[in-house]
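This is the structure, below, for whatever I ask next.
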Amino acid sequence: MKPLLLSFCLLILTVTAFAQQPEHIYGFAIEKKPIDWYKQQLSLWKAELDKNPGNSYAWYNYYRGNRNILRLDTTDKRPHHIKGKVLIDILDEMEKAVPQSFEYNLCKWMNGGNDFEHYLPYLKKAIQLGPDRMELISDRIILAEMERDIAQRDIYSMKWYESPMSSPGLLYYNHNVLTGLKPNAILLTQGDNDTYPVWILQSLGIRKDVTVINTSLLNIDTYREKLFKELGIAKWPVVSPNAMKDTTAASNKKYHNELVKHLSANSKKYPVYLALTCDEKLSKPIADQLYLTGLAYEFSTSTIDNIALLKKNFEKVYALDYLDKPFYHDISAYWSRHCNNNYIVPMIKLYDHYKASGDEMHMEWMRKKILNIVKGTPEEQTTLTYLNN
């Protein structure tokens, strides 16, 4: 065989061998991969378990992969309780193989859906076994937040910022959410990617005056009572939906209809905002009292000139260059693009304002930003047609 051909064959073999190595599987909210990638990784991690059933790290990734596939596979029409049993069965196998491991206790906790009442001992055991493991970082932040120990929350948020899990795109997006709010604002959020990045930014000293209230954490009675007392908010008599207790449809409706109003009645007169990432169940009942000021709605019972606030935020406050020139690696690139879709509505409102006022320079500036965001998405043609007309 000629030397060049031999070298080429060796290269192919090396690349193939490397490609077959199992990779760490991150949580769905950090990194979203194609479903075929997860299936390939499941096969590779299963092979590791076949070689060594006591490999707790392999069990962790096998659990994670299955968990992510169950969320992604739209062709899987099985009932939720049947799909959930897949993960329960994996945990049963983990308990037999690696019962005292960090990974088993962490997976057991995760599978409990943040049910602190019943599953917190598993999280505490995982912390005891792996206090510095990055897989715990979000839970360490949540535990500190539940105690309202901001200094401790900042420590773990900074560790996330310094890790490979940090997403520049989500940090830029949430930076703009934060900087567009009035002083001492209360910001309602709903998920991971509109909450953790805010706390990370606050650990860097950015807008520490803002209080983030994640709607999921409001399900926890002791946390809610502590936070409300701190903010001068009256006790909340309505049972939160998705709490670990039975709730009626009427109770859920009352919760969604009245939560923002209840928060706005705080004795300290803090302004209340609803992030654009929140569910419409919270915004629809009070739509006539919500004013779009950028990447959040400001709640107000009196009229607000939100166009003036939109102009201020987009022209003078927001950092927007990253939308045009994202020269960085982003582990959460999918979720960053997903969040960036929230720019479209406020940008179009500003575009229409600039057009009506004859401000062609700003109109073109906004047009380019909008088209950059929708480029390559299903909304591109519809948006282009709207702007052209």
Side-chain angles (χ1 to χ4, degrees), residues 24-34 64 68 71-72 134-142 144-145 153-181 185 187-208 210-217 273-279 293-297 313-314 317-347 369-370 372-377 379:
H24 181 85
I25 299 177
Y26 287 98
F28 184 79
I30 294 176
E31 182 180 42
K32 181 183 176 184
K33 293 275 195 177
R64 271 289 192 192
N68 288 354
R71 296 192 66 175
L72 275 173
M134 284 304 296
E135 294 95 334
L136 281 172
I137 198 69
S138 62
D139 298 300
R140 301 302 292 265
I141 292 171
I142 288 295
E145 170 62 18
R153 193 189 74 193
D154 284 349
I155 289 172
Y156 290 111
S157 296
M158 180 64 76
K159 287 185 178 181
W160 189 329
Y161 173 70
E162 293 171 346
S163 79
M165 298 191 309
S166 184
S167 164
L170 290 177
L171 288 175
Y172 273 117
Y173 175 86
N174 285 282
H175 167 274
N176 290 342
V177 175
L178 271 178
T179 55
L181 308 180
L187 174 66
L188 266 175
T189 63
Q190 186 165 318
D192 288 7
N193 292 330
D194 60 356
T195 304
Y196 290 116
V198 173
W199 286 333
I200 291 172
L201 290 164
Q202 290 183 324
S203 77
L204 300 174
I206 298 169
R207 292 305 304 268
K208 294 179 77 72
V210 174
T211 301
V212 175
I213 299 182
N214 183 283
T215 54
S216 297
L217 292 183
Y273 290 83
L274 192 63
L276 298 190
T277 44
C278 286
D279 197 292
T293 60
L295 295 174
Y297 292 108
N313 284 333
F314 276 91
V317 177
Y318 288 173
L320 297 173
D321 284 350
Y322 85 100
L323 295 171
D324 307 319
K325 306 175 184 69
F327 297 138
Y328 47 73
H329 169 73
D330 193 346
I331 188 172
S332 301
Y334 172 87
W335 295 116
S336 295
R337 289 193 299 270
H338 184 75
C339 281
N340 288 345
N341 288 333
N342 290 314
Y343 282 107
I344 297 173
V345 171
M347 281 183 169
K369 295 288 184 189
I370 295 168
N372 242 342
I373 292 170
V374 300
K375 185 176 182 180
T377 71
E379 293 79 26

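As the structure is a prediction and not an experimental result, all values here were calculated from the model.
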Handout entry: Test item: Leu204 and His175 side chains (from C-beta on) under 4.5 Å apart, heavy atoms
Key =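 Not touching, per the 4.5 Å side-chain cut-off.
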Exercise for the section: Would you indicate whether the side-chain heavy atoms of Ser167 and Ser336 approach each other to under 4.5 Å? Expected result: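 They are in contact (side-chain heavy atoms under 4.5 Å apart), so the answer is yes.
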Handout entry: Asn372 and Tyr343: side chain donor to acceptor below 3.5 Å
Key = no
Handout entry: Rounded distance [0.5 Å steps], CD1 in Ile200 versus OG1 in Thr195
Key =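 Reported value, rounded in 0.5 Å steps: 11.0 Å.
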Exercise for the section: With rounding to the nearest 0.5 Å, note down the distance linking CG in Leu201 to OH in Tyr161. Expected result: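 These two atoms lie 9.0 Å from each other.
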Completion exercise
Looking only at heavy atoms, the pair that brings Asn342 and Leu276 closest together is O-CD1, 3.5 Å
Problem - Any donor-acceptor N/O pair, Asn214 side chain to Leu188 backbone, under 3.5 Å - result: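 Between the backbone of Leu188 and the side chain of Asn214 there is no qualifying donor-acceptor contact (under 3.5 Å).
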Fill in the blank from the handout: When rounded to the nearest 0.5 Å, the distance separating OG of Ser332 from OH of Tyr173 is 14.5 Å
Handout entry: Smallest separation among heavy atoms of Ala296 and Leu181, with atom names
Key =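 Looking at all heavy atoms of both residues, the closest pair is CB-CD2, 4.1 Å.
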Exercise for the section: State, to 0.1 Å, how close Arg64 and Gly27 come at their nearest heavy-atom pair, and which atoms those are. Expected result: NH1-CA, 3.4 Å
Practice task
Determine the interplanar angle of the Phe314 and Tyr318 rings, folded into 0 to 90°, and report it as parallel if under 30°, tilted if 30 to 60°, perpendicular if over 60°.
Solution key: perpendicular
Practice task
Could you check if a side-chain atom of Asp154 sits within less than 4.5 angstrom of a side-chain atom of Lys208, using non-hydrogen atoms only?
Solution key: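 Yes, close enough: below the 4.5 Å cut-off.
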Practice task
Give, for atom CZ of Arg337 and atom NZ of Lys375, the distance between the pair rounded to the nearest 0.5 Å.
Solution key: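 Answer for the CZ-NZ pair, Arg337 versus Lys375, is 13.0 Å.
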Problem - Shortest non-hydrogen separation from Val198 to Asp194 and the atoms involved - result: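 For Val198 and Asp194, the tightest heavy-atom pair comes out as CG2-O, 3.6 Å.
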Handout entry: Heavy-atom closest pair, residues Leu187 and Val210
Key =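 For Leu187 and Val210, the tightest heavy-atom pair comes out as CB-CG1, 4.1 Å.
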Handout entry: Heavy atoms from other residues, nucleotides or ligands near CZ of Phe28 exceed 12 (cutoff 6.0 Å)
Key = yes
Exercise for the section: Return yes if some donor-acceptor pair links the side-chain N/O of Asp330 with the main-chain N/O of Gly169 below 3.5 Å, else return no. Expected result: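 At least one qualifying donor-acceptor pair exists.
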Problem - Glu31 side chain reached by His24 side chain, heavy atoms, under 4.5 Å - result: no
Exercise for the section: Kindly compute the distance separating CG (Leu274) from CD (Gln190), expressed to the nearest 0.5 Å. Expected result: 8.5 Å
Handout entry: Check against side chain to side chain contact (heavy atoms under 4.5 Å, CB included), Trp199 and Ile142
Key = CA-CA 10 Å; Trp199 286 333; Ile142 288 295; 4.0 Å; yes
Practice task
Would you check if Ile331 and Pro164 make a side-chain contact, meaning some heavy-atom pair closer than 4.5 Å?
Solution key: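 Not in contact.
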Handout entry: Note, Asn340 side chain near Tyr322 side chain (heavy atom, < 4.5 Å)
Key = yes
Handout entry: Minimum side-chain heavy-atom gap Glu379-Ile373 below 4.5 Å
Key =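 No, too far: nothing below the 4.5 Å cut-off.
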Practice task
Measure the CG-CG distance between Leu171 and Asn193 for me, rounded to the nearest 0.5 Å.
Solution key: 10.5 Å
Problem - Option passing ring pair (Phe, Tyr, Trp, His ring centres under 6.0 Å) with Tyr196 (candidates Trp160, Tyr156, Trp335) - result: Trp160
Handout entry: Test item: Gln202 side-chain N/O and Arg207 main-chain N/O as donor-acceptor pair under 3.5 Å
Key =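 Yes, Gln202 side chain to Arg207 backbone: donor-acceptor pair under 3.5 Å.
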Handout entry: Asp324 side-chain N/O to Lys369 backbone N/O, donor-acceptor pair under 3.5 Å
Key =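 The answer is no, because no donor-acceptor pair under 3.5 Å joins these two groups.
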Practice task
For the pair Asp192 (side chain) and Ile30 (backbone), establish whether a donor and an acceptor sit closer than 3.5 Å, ignoring hydrogens and angles.
Solution key: no
Practice task
Just do the side chain to side chain contact (heavy atoms under 4.5 Å, CB included) check on Leu72 and Lys32 with the steps written out, would you?
Solution key: CA-CA 9 Å; Leu72 275 173; Lys32 181 183 176 184; 3.1 Å; yes
Exercise for the section: Work out which heavy atom in Pro197 is nearest to a heavy atom in Asn174; give both atom names and the distance. Expected result: CB-ND2, 3.3 Å
